[in-house]
Amino acid sequence: MRMEKQRKGVRLVLLPLPFEGHINPMLHLANILYSKGFSITIIHTTFNSPNPLNYPHFTFCPIQDGITTQSDDSSSLNLLHLIILLNIRCVTPFRDTLAKVISDARDNKEHVACLVSDGLFYFTQGVSNTFELPRIALREGGASSFVPFVLFPLLIERGYIPIQDSQLEETVTEIPPLKVKDLPLIDTKEPEKYYKELSNLVEGTKASCGVIWNSFEDLESSPLSYLRQEFQIPFFPIGPFHKYSFSHSPSSSSSSSSSLLTQDQSCISWLDRHKPNSVIYVSFGSLAAITAAKFLEIAWGLASSMHPFLWVIRKGMVIDDGKECLDPPFPAGFIDNLEGRGYIVKWAPQQEVLAHKAVGAFWTHCGWNSTLESICEGVPMICMPFFTDQKVNARYVSSVWKIGVQFEGEVKREEVVKMIRGLIEGNNKEGSQIRERVLDLKEKARVSWNHGGSSYTYLDALVNFILSFEP
Ligand code: UDP
């Protein structure tokens with residue numbers, strides 16, 4: 001597929017939510033739409049701003065949100081608070097900026113066809129209504145985890161939520177095989193606020209004129225078809241975005257160009273020195289945090305497995321007594337005793353790592369992007385979800401697609417060793433079947449982007465849908 005001729009005068013405005021797992025897919029999507037000939041304006045918050053220099057073919061318009069990385073507002077532990085705050089503080093600057101983008105476009109004989117905004121930026125629905133501008137919602141998460149979001153009022157009514165410890169292992173009969181413990185909750189003292197945000201997300205998405213999903217039919221056909229019936233608006237499952245934009249986009253955006261953190265490339269040459277399928281890659285994404293006690297179990301488990309490992313230990317990832325550990329709390333002499341079997345980075349070029357032949361398994365928190373990236377490279381997963389959709393994704397990985405295994409309780413070093421060996425060493429039947437299934441899904445993901453494949457076809461439909469919006 002080549003880049004299409006610029007569609008003269010049709011501009012799209014995109015607004016990403018300013019977190020790693022949301023900005024990356026939105027910028028990949030921007031590249032896809034650009035490759036279809038649309039001009040692109042990215043309106044973005046100054047908090048976690050993307051780097052415009054990496055995208056000279058887009059127009060960037062910052063809006064002041066008043067959130068600084070120094071303030072408590074930006075703590076990853078306050079994710080819920082941050083999302084609420086962004087939806088309040090961005091209203092006026094976004095409205096003013098959008099008005100200017102529309103009027104500048106008119107002056108340049110262009111037409112702004114629609115707004116594509118993150119589903120969690122639900123305030124944008126009201127703003128786009130005032131401009132009579134169609135809004136398409138981008139849902140970065142999977143459809144499987146959106147189903148429980150939609151069903152939250154029912155799940156509360158039926159007593160699944162708030163979760164009782166005695167019910168954790170019970171199946172939620174309305175949405176099997178999810179168990180009560182898999183429901184997409186977060187640890188918050190203000191659950192009502194969380195429920196309200198979910199309702200805003202669902203209602204805002206329903207009110208949009210269509211939804212773009214970073215997913216593909218073969219992966220999520222059943223939740224997609226349930227949601228289609230519920231929503232009655234067009235759906236465009238055109239993922240996995242990163243695979244499209246790597247192979248077809250004009251600027252060939254790499255993951256490093258959209259990453260908010262600097263990726264340490266040195267791990268690739270370290271991987272080069274290892275045998276195929278021998279390394280376990282460990283990363284818990286951009287937001288999850290672990291206690292020092294859990295950190296130690298993970299560290300000892302990795303060391304005892306005797307397999308080489310590449311571990312992303314992000315700044316602020318380990319919390320001890322409520323405070324961030326400045327350095328990873330390894331026991332004295334731990335690293336030296338590994339004799340080079342472990343490699344630690346603060347942030348990895350994850351897509352390249354997963355594509356590396358040395359990587360044999362991915363120990364992940366099951367963020368949606370990480371899950372998709374692992375599937376696209378055919379890497380089996382060890383799932384350790386933390387909050388929200390990660391719990392649903394993990395259950396799908398382990399029990400629906402059966403392409404990984406999951407910690408069901410506390411992480412203990414002995415179990416870590418068992419899981420790693422089961423997945424990486426070829427003499428385990430379950431491990432081999434998991435590997436076969438993930439390679440099969442990898443192929444399905446690839447085919448979805450081929451001519452006539454589902455994502456390819458939905459992208460054409462999306463382009464026609466956008467072009468149907470009259471000036
Ligand atoms: N990522 C990365 N380097 C790392 C860890 C993660 O580039 O060391 C990227 C990863 O490729 C993915 C994103 O960060 O695109 C994380 O998104 P995800 O939805 O998996 O999790 P979140 O960070 O939102 O919890």
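Values reported hereafter were calculated over all heavy atoms of this structure, with side chains retained and with hydrogens, waters and symmetry mates removed. The shown structure was predicted, so the numbers you read here are calculated from the model rather than taken from an experiment. One-based numbering, in listed order, for ligands and for the atoms of each.
- Remark: ligand 1 and Glu373 share an N or O pair separated by less than 3.5 Å (distance only, no angle test).
- Polar contact check, Ser286 against ligand 1: a nitrogen or oxygen pair lies under 3.5 Å apart.
- Residue-ligand proximity, Gly367 to ligand 1, at heavy-atom distances under 4.0 Å covers atoms 18 (P), 19 (O), 20 (O), 21 (O).
- The shortest N or O to N or O distance between Ala348 and ligand 1 is below 3.5 Å.
- With a 4.0 Å cut-off on non-hydrogen atoms, Asn369 touches ligand 1 through its backbone as well as its side chain.
- Separation of the Tyr55 and Tyr34 ring centroids does not fall under the 6.0 Å cut-off.
- You'll find the ring centres of Phe146 and Trp368 outside the 6.0 Å limit.
- Distances from atom 21 (O) of ligand 1 to the heavy atoms of His365, His28, Glu20, Lys346 put His365 nearest.
- Set against the non-hydrogen atoms of Gly285, the atoms of ligand 1 under 4.0 Å away are 23 (O).
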Checklist entry - Please walk me through it: do His307 and Glu425 pass side chain to side chain donor-acceptor pair (under 3.5 Å)? => result CA-CA 10 Å; His307 278 275; Glu425 291 169 11; 2.9 Å; yes

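- One finds no salt bridge joining Lys418 and Glu430 here, because no Lys/Arg side-chain nitrogen approaches an Asp/Glu carboxylate oxygen to under 4.0 Å.
- Taking only non-hydrogen atoms, the option from Trp347, Trp368, Phe386, Phe387 nearest to atom 4 (C) of ligand 1 is Trp347.
- Close contacts of ligand 1 with Ser283, meaning ligand atoms under 4.0 Å from a residue heavy atom, involve 5 (C).
- In this structure, Phe123 has its ring center under 6.0 Å from that of Phe121.
- Considering backbone and side-chain atoms together, Ser259 places no N or O closer than 3.5 Å to any N or O of ligand 1.
- Between the side chain of Gln406 and the main chain of Ser398, no donor-acceptor pair closer than 3.5 Å is present.
- Every side chain to side chain contact (heavy atoms under 4.5 Å, CB included) that Thr97 has, sequence neighbours left out, goes to Ile43, Cys61, Ile63, Val101.
- Ring geometry for Phe309 against Trp311 counts as perpendicular: the plane angle is over 60°, on a 0 to 90° scale with 30° as the lower cut.
- Those atoms of ligand 1 that come under 4.0 Å of a heavy atom in Gly21, given as number and element, are 17 (O), 24 (O).
- At a 3.5 angstrom cut-off on N or O pairs, Gln263 counts as close to ligand 1.
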